[in-house]
Amino acid sequence: MKHKIYWIEGDGIGADIWKAAMPVINAAVKKAYDGKEEIVWQELLAGEKAFAQTGKHLPKETLETLKTAEVAIKGPLATPVGTGIRSLTVAMRQAFDLYACIRPVKWYKGIIAAVRRPENVNMTIFRENTEDVYSGIEFAANTEEAKKLVKFLNENFNKNLKAECAVGIKPMTEFGCKRLVRRAIQYAVKNNLPSVTLVHKGNIMKFTEGAFQKWGYEVAAQEFPGQTITEQEVRGGADPQGKIIIKDRIADAMFQEALLRPEEYSVIATTNLNGDYLSDALAAQVGGLGMAPGVNMSDRLAIFEATHGTAPTAAGKDIANPCSLLLSAAMMLEHIGLEKAACAVQTAIQNCIDKKTVTQDLAKEIENAKAVSCSGFGKLLLQEIDSM
Ligand code: NAD
């Protein structure tokens with residue numbers, strides 16, 4: 001069977017990591033399925049490469065193709081300077097309503113981590129991607145817009161804001177929060193995971209973050225009554241009977257919990273800003289962003305991505321680490337039903353770490369490791385896959 005995958009090279013180290021990663025992904029699929037499954041790659045232009053060829057960072061053809069596509073994978077994209085687009089990655093999330101940012105975080109044995117028991121960290125974060133303070137409604141202090149809004153709030157809602165305030169808006173909807181939590185619970189059900197934790201700051205922001213918590217529990221109760229039970233019910237003596245436990249934690253407490261009791265958390269569902277902080281903090285806990293995979297999804301389209309940036313100082317030097325892209329590709333392979341190939345990619349990476357031959361950034365994190373180039377690392381991964 002052929003699987004059509006759209007790929008975006010990305011800027012900076014994008015070309016280096018793809019050169020190493022694509023043969024590894026192809027080899028894993030070939031090895032795992034004896035040549036019966038195959039990926040058919042089709043490149044889409046975005047970023048500097050697109051600008052050089054079409055004069056646009058996000059050409060119409062790329063947008064049109066993604067309108068009907070189901071799976072794509074991208075390298076990092078630089079934020080262009082001097083154009084109206086704040087970030088191409090954010091522009092794509094908005095254009096295609098990629099409302100769920102999903103980041104699995106786990107430790108790879110051998111990597112020096114910031115915590116004593118990194119093996120206990122195995123969480124998947126579902127971050128809402130389209131709402132919250134990221135919706136871009138912000139007015140600088142002392143502008144006409146800010147003054148107008150402050151005046152409106154003071155006069156109509158009996159507030160006492162200072163006239164010189166900068167103001168931002170935090171819109172959150174029941175629809176937006178519920179579809180994110182629904183997706184997180186579906187993931188827990190599919191992967192037989194023990195809990196889903198709703199992370200929010202509802203003690204302070206009662207009608208936005210607090211509503212996220214309320215709507216989250218509602219989704220669980222109304223749509224997954226046979227598969228979920230609340231932590232409160234369990235504390236009250238109810239037998240969980242193997243059901244998924246729905247918990248909630250205030251965001252600041254969750255940062256502590258993630259450090260002190262990571263084994264108690266599995267799937268995390270959270271709002272946009274909390275999720276942004278939490279995914280980087282958790283990735284750092286187990287050895288850094290270099291190994292962190294991710295995907296942004298709507299109900300139709302999934303765009304997998306290397307979660308790091310373009311690392312401009314490493315670009316073109318054949319020294320970058322392709323693991324984030326490869327682990328995102330492994331997520332993608334699972335998503336399209338090629339789990340055995342995903343497993344081959346992950347095992348090959350773990351084997352190279354075990355043998356202490358890794359790219360320079362990882363070599364610094366592993367005792368007595370030998371640094372190899374990006375392409376050299378790719379070749380070692382190919383050898384690992386070949387010998388499976
Ligand atoms: P960055 O991730 O590019 O770099 C941070 C540090 O990590 C640098 O020291 C870099 O050399 C290193 N690094 C990152 N990825 C690496 C890899 N695969 N192998 C080895 N070392 C790696 O972050 P930044 O410097 O803040 O951003 C640079 C550019 O990337 C900016 O234009 C930014 O907008 C963009 N960016 C894009 C994305 C995305 O497309 N998803 C994400 C973050 C940043």
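Given the structure is predicted, the values throughout are model-derived calculations rather than measurements.
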(message) Counting only heavy atoms from other residues, nucleotides and ligands, does the tally under 6.0 Å from CG of D239 exceed 12?
(response) yes

Below 4.0 angstrom, N of the basic side chain to O of the carboxylate: do [X] and [Y] qualify?
X: E144; Y: K148; value: no
X: D318; Y: K19; value: no
X: E384; Y: K355; value: yes
X: D252; Y: K201; value: yes
X: E64; Y: K67; value: yes
X: R183; Y: E128; value: no
X: D34; Y: K340; value: no

(message) Could you work out, with salt bridge (charged side-chain N to carboxylate O under 4.0 Å, His left out) as the rule, every residue matching K190, not counting sequence neighbours?
(response) none

Does a side chain donor of either [X] or [Y] reach within less than 3.5 Å of an acceptor in the other side chain?
X: N129; Y: Y134; answer: no
X: E233; Y: T230; answer: yes
X: H200; Y: D248; answer: yes
X: W107; Y: N120; answer: no
X: H3; Y: E37; answer: yes
X: Y265; Y: R249; answer: yes

Side-chain polar contacts of residues 327-339 - donor-acceptor pairs under 3.5 angstrom, sequence neighbours left out - could you list them?
unit_1 : atom_1 : unit_2 : atom_2 : d
S328   : OG     : G294   : N      : 3.2
S328   : OG     : E305   : O      : 2.7
S328   : OG     : S324   : O      : 2.8

(message) Test salt bridge (charged side-chain N to carboxylate O under 4.0 Å, His left out) on D386 and K30; report intermediate values, then the result.
(response) CA-CA 10 Å; D386 197 43; K30 193 168 178 197; over 6 Å; no

(message) Before you tell me yes or no, could you show the steps for K49 and E43 under salt bridge (charged side-chain N to carboxylate O under 4.0 Å, His left out), namely the whole-Å CA-CA distance, both residues' side-chain angles and the distance that decides it to 0.1 Å?
(response) CA-CA 11 Å; K49 194 172 182 182; E43 185 170 6; 2.8 Å; yes

(request) Check the pair D276, R127 against salt bridge (charged side-chain N to carboxylate O under 4.0 Å, His left out), reporting the backbone distance first and the verdict last. (result) CA-CA 7 Å; D276 196 0; R127 163 189 169 195; 3.6 Å; yes

(message) By the side-chain hydrogen bond (donor to acceptor under 3.5 Å, both in side chains) test, which pairs, at least two apart or in different chains, include something from residues 163-182?
(response) D97-R179, E131-T173, D132-K170, K170-E209, E174-K178, K178-E218, R182-E223

(request) Run the ring-centre check on F51 versus H57 and record whether the distance is less than 6.0 Å. (result) yes

(message) A side-chain contact here means heavy atoms from C-beta on lying under 4.5 Å apart; do T124 and R103 qualify?
(response) no

(request) Answer with yes or no whether the hydrophobic clustering places L45 together with L63; edges join I, L, V, M, F, W, Y residues whose side-chain heavy atoms lie under 4.5 Å apart. (result) no

